[in-house]
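Take a look at the structure below.
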Amino acid sequence: MNKAIEIFGNHIYRLARTSPRKALKELSFVYKTAGLKCRYFPSRSLLPARQYMQWAAADSAVRPLIQPDRSAIVSIYLPCEVLHAMGIYQMFPEALACYLAAGGSEKFFIEKAEEAGMPGTLCSYHKSFIGLAESGVLPKPRFIINTSLACDVNHLSFRRVADYYNIPHFMIDVPSRYSPENLDYVKDQLHRMVDFIEENSDFRLNEDKLAEAAGRSRRTLDNFRKILELRKDIYLSDEMTSHMLSVFATHVMLGSKEAEKYSEDMVQQLSRCPRGRKGVRLFWVHTLPYWQDGLRSLLNFTDRCEIVGCDMVLDALDADTGQEDPFTYMADRLLRNTSNGAGENRINAVLKYARELDADGIVWFCHWGCKQTAGSSSAAKKILEEKGFPTLILDGDGCSRQNANDGQAVTRMEAFLELLEKRK
Amino acid sequence: MIGYNCKYAPVEIMAGFGEKYQLINNVAENFDYSSAILHPNMCSHAKAVLEDVHRGGYRKLLFMNCCDSSRRVFDAVSRDMDSGVDFSCCLDLPSCTSCCAVEKFRDDLLDFINRYEKFSGITFDVKHFLSSFSCSKKEIKGKYVALLGARSNKTIAETVRKCFKGIDVLDLTCANNRDLPPFEAASDEPLDSIMLKYSKALLSQVPCMRMRDIKGREALIESKNCLGIIYCTVKFCDYYDFEFSQLKNKGIPVIKVETDFTSQSSGQLTTRLEGFYETVRQKSGEALLKDTGPTKGKFFLGIDSGSTSTELVALDRDLNIVKMVKVPTGAKAAVGAKKALEQSGIDDGDIAFTTATGYGRKNIDFADYNVTEITCHARGAKYLYDDVTAVIDIGGQDSKVISLDENGLVSGFAMNDKCAAGTGRFLENMAKILELDMESMSEIGLNYKKDLNISSMCTVFAESEVVSLIAENNSVKDIVHGLNKSVALKTKALSAGVKDLSALMMTGGVANNKGVVSELEKQLNTKIFIPEHPEFCGALGAALIAAEQFNLKKFLR
């Protein structure tokens, strides 16, 4: 770990225990400063669009921390067009935990959650989130809205935190299959979500603003389809963090002006990149441990290999962006998400995108505690390798150093790269 | 036979087709098949289900999409060509009882009937369906202990019944808590109207932790007749720890039993449940008097038969310690105990009463009485340190944190599960890797320079982490400090439920390890009292209980 990050992490460890409000201020200041640095003093090693997104993501993470009374806690799959239209900021576990891990500060909050009885085997994103709330660092938002999509812990951590803060909680139940009846079922719940927000706050939905947000959302997804097409024969010197930021752009930030601008800039800047490829092309499944030193040195800014895509960024691309009614479009997107339902849905999507991106191999990253991803890993390896894509099952953690063994991860990743290099 | 996985599964529909059904809940002999199919970090129950289905016991499967693991197991059984399953269906479980959810579930039930009719060629019989409802819930009138939480299994249920003989045991765990009373419907009523009622009845059961509104679960423990709760969790099932973390403050005795869904190491399970039995009995005001043996002689003996060593303590009639002996246990507990007695030089005729404790306590034939080491450590600790409020006991194969009330009685305890991380055995294994003896291991970490973290939860993983740290040229001092810290953190997690750590004492062999003690003091932010011979505390407690039993017997006579 970088010495400055280590010192900051240790500082937050002590501060959060004694002065949670002060810890929040310092965390917000650091995130904001890091974002502003990317915007006004960009590094030359990254595309300008990536740096813009670093600022935009940091800004959208800090805003709810500063103005919690106009914020909601949401789950990563919640269609947030309604919230963007109403001017409600969003906090979500994955972003909160990612920023903590980037600053080496996750340890105290994970310990706090475990001390409160959370199992060691629970997803670290949600443990960080629970620890942040129950330590008094995360300010109390107006309400919590989450979906049941993809992950068990959706049923648990949001309810717990809503009880802890004593704030209203709404949950959208997402069936595992697409059908016209299920579409109506989800659509009805999205309408009731609007009623819930209006009943519990002064925020009111303006249909025109929702239509604008839905329009931005559709255009963003269309841009990501173009990015996919462009990326097929372009080499890009990049870092793992970029893919995590794209996950935010196609999920909670989808429908925002910033996410649309990011996707537009990416299309333009990629179009200007020279055609050609260098090194091994990896397709990544699930979240990325972008803070893990050993993997960073192996995968970031190197000619040896590049991550050409990540399935979490692309999981909503099957949505029908032609749907005019915003509620139908959002419900459709939830049901058609490639992480919804049977494991084969996701495996087939990975196969499709690996082919479209002309990947050499696939890394199936089993984030600690994620039964959805780990549960499909063996079948994925078998199916993907039968179709000609060597697949590495890599165990680790997207946001906690506690569950990551850097030495082992590097050995496995390096051996996988050697294997792919020999095949070329 | 149709196998189902969840209490919300509409099994009565299968009765409407004349089919028999059974909950898939067997423990696994091994995970040979599932370990090749599922990632090691998947819920153990899910792996056991996969093993069971693969063995070929079920021709048809009816699953509810009730958790991530169930969903992935259903994926896996659908791909398993050798299981003999010719029909499988996985239904979505709505997470609430709103009108929309009930109607959606009704539609799924009707669709399921349709599918099964097409598959089997059998017509759904409403009369059979309606007559299959039976009030299966056992009426309990007296005191009972409740099994709560995630999946329990046959081994746990049987051990509980054995330890709580004479007390009713109510199994309210996840799938065993199915309660669907018959509902009013005419057999000529339209099917969708019947299915609407059925959908509502299924979803209105006492909610599991997946449901949005779980207030109905409070009824499970509200009864005054509930003496205590045995809370079952399964490794890598995270649902129920959320409830368990909030149960600890309800004032009812509760113990957590985590299973990996294999035949549990029954010795440890029995010790824990008997310890819990003693706590429950004490709390409900019943003395621990059992049928005792002869009452003569001048010494009270306590024998602690542990996994590594056997300790004996002899007290005279005035409760002064007159002998302390420690011998290796060896392969048989009885032989170790006999050897300790021989070494003590005490004649059989001089023994007034003997109490045995520790893992081997039931195999010591000359003992008059046996009691768990949890009660014994508490009793011994109170004798050595009158103000004691809590005891940390770390022995060879387990670690415990025991809370004491003002009278020195056990008011609660937590104990590690099968995993050896955080125990003496863990430190011994690490000492071997680092080529240290236990004495050096105790001191060397005190002078560390770099604050290393050994974060792996599992002994096996920690071992490879230590090997990596050695490869990175970290000093042995720093690694040992990291190990001490990991034991301390594990113990800190165990002591999370202890209300009063103000007068903390440590017993068991690991109390002699200065590095671990120092780290524990740091982590718990309190001074720890270490008796002169911490490893004898359990045997001392047993000897004190021997005296108590002897006097009670005399009094009753």
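Proteins come first, then strands; the chains are lettered A, B, ... in the order of their sequence lines, and each starts at number 1.
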Note: vs chain B, highest number of non-hydrogen pairs under 4.5 angstrom among A/Ser176, A/Ser148, A/Cys123, A/Ala379 is A/Ser176
For B/Lys200, does the NZ atom sit with more than 12 other heavy atoms under 6.0 Å from it, leaving out its own atoms? no
Atom group of A/Ser377 that falls short of 4.5 Å from chain B, counting heavy atoms: side chain
What part of A/Asp184 lies closer than 4.5 angstrom to a heavy atom of chain B: side chain, backbone, both or neither? neither
Of the listed B/Ile37, B/Asp241, B/Leu93, B/Asn65, the one with the largest count of heavy-atom pairs under 4.5 Å with chain A is B/Asp241
Of A/Asp173, A/Val186, A/Asn182, the residue whose pairing with B/Lys104 passes side chain to side chain contact (heavy atoms under 4.5 Å, CB included): A/Asn182
Rounded distance [0.5 Å steps], CD1 in B/Ile214 versus CG in A/Asp163: 7.0 Å
Measure distances from A/Cys366 to the heavy atoms of chain B and classify the residue's part below 4.5 Å as side chain, backbone, both or neither. side chain
Chain B: which of A/Gly369, A/Ser179, A/Cys370, A/Ala150 shares the most heavy-atom pairs with it under 4.5 Å? A/Ala150
Using 0.5 Å steps for rounding, measure from the CZ atom of B/Arg79 to the NZ atom of A/Lys382. 8.0 Å
Taking every non-hydrogen pair under 4.5 Å, which of A/Met171, A/His169, A/Glu181, A/Glu111 racks up the most with chain B? A/Met171
Heavy-atom proximity to chain B below 4.5 Å, by part of A/Asp152: both
Which answer fits B/Cys90, side chain, backbone, both or neither, if we ask what part of it has an atom under 4.5 Å from a heavy atom of chain A? backbone
Distance (rounded to the nearest 0.5 Å) between B/Cys66 SG and A/His155 NE2: 10.0 Å
Donor-acceptor pair, distance only, cut-off 3.5 Å: does the side chain of A/Lys371 make one with the backbone of B/Phe236? yes
Whether over 12 other heavy atoms sit under 6.0 Å from B/Asp451 CG: yes
Under 4.5 Å from any heavy atom of chain B, what part of A/Arg192 do you find: side chain, backbone, both or neither? side chain
So which of B/Glu103, B/Arg212, B/Met42 has the biggest tally of heavy-atom pairs under 4.5 Å with chain A? B/Arg212
Smallest separation among heavy atoms of A/Tyr185 and B/Pro94, with atom names: OH-CB, 4.0 Å
For chain A, which of B/Glu243, B/Met209, B/Glu472 has the most heavy-atom pairs under 4.5 Å? B/Met209
Using only heavy-atom distances, determine whether the side chains of A/Arg160 and B/Ser245 contain a donor-acceptor pair under 3.5 Å. yes
If you count heavy-atom pairs within less than 4.5 Å of chain A, which of B/Leu38, B/Asp108, B/Asp75, B/Val73 leads? B/Asp75
Taking A/Arg159 for the side chain and B/Met211 for the main chain, is one N or O donor matched with an acceptor at less than 3.5 Å? yes
State, yes or no, whether a side-chain contact exists between B/Phe242 and A/Ile130 at a heavy-atom distance under 4.5 Å. yes
Pick one of side chain, backbone, both or neither for A/Ala374, based on which atoms fall under 4.5 Å of a heavy atom in chain B. both
Please classify the contact between B/Tyr240 and chain A as side chain, backbone, both or neither, with a heavy-atom cut-off of under 4.5 Å. neither
Please determine, among A/Pro119, A/Gly117, A/Cys151, A/Ala116, the option with the most heavy-atom pairs under 4.5 Å with chain B. A/Pro119
With a 4.5 angstrom heavy-atom cut-off, is it the side chain or the backbone of A/Lys107 that approaches chain B, or both, or neither? side chain
Heavy-atom cut-off 4.5 Å, strictly under: side chain, backbone, both or neither for B/Ala46 against chain A? neither
Do A/Thr373 and B/His39 pass the side-chain contact (heavy atoms from CB on, under 4.5 Å) test, and can you show the C-alpha distance, the side-chain angles, and the key distance before you say yes or no? CA-CA 9 Å; A/Thr373 316; B/His39 190 279; over 6 Å; no
If you count heavy-atom pairs under 4.5 Å between each of A/Asp395, A/Val174, A/Leu156 and chain B, which one has the most? A/Leu156
Could you tell me the separation between the CZ atom of B/Arg72 and the OG atom of A/Ser376, rounded to the nearest 0.5 Å? 3.5 Å
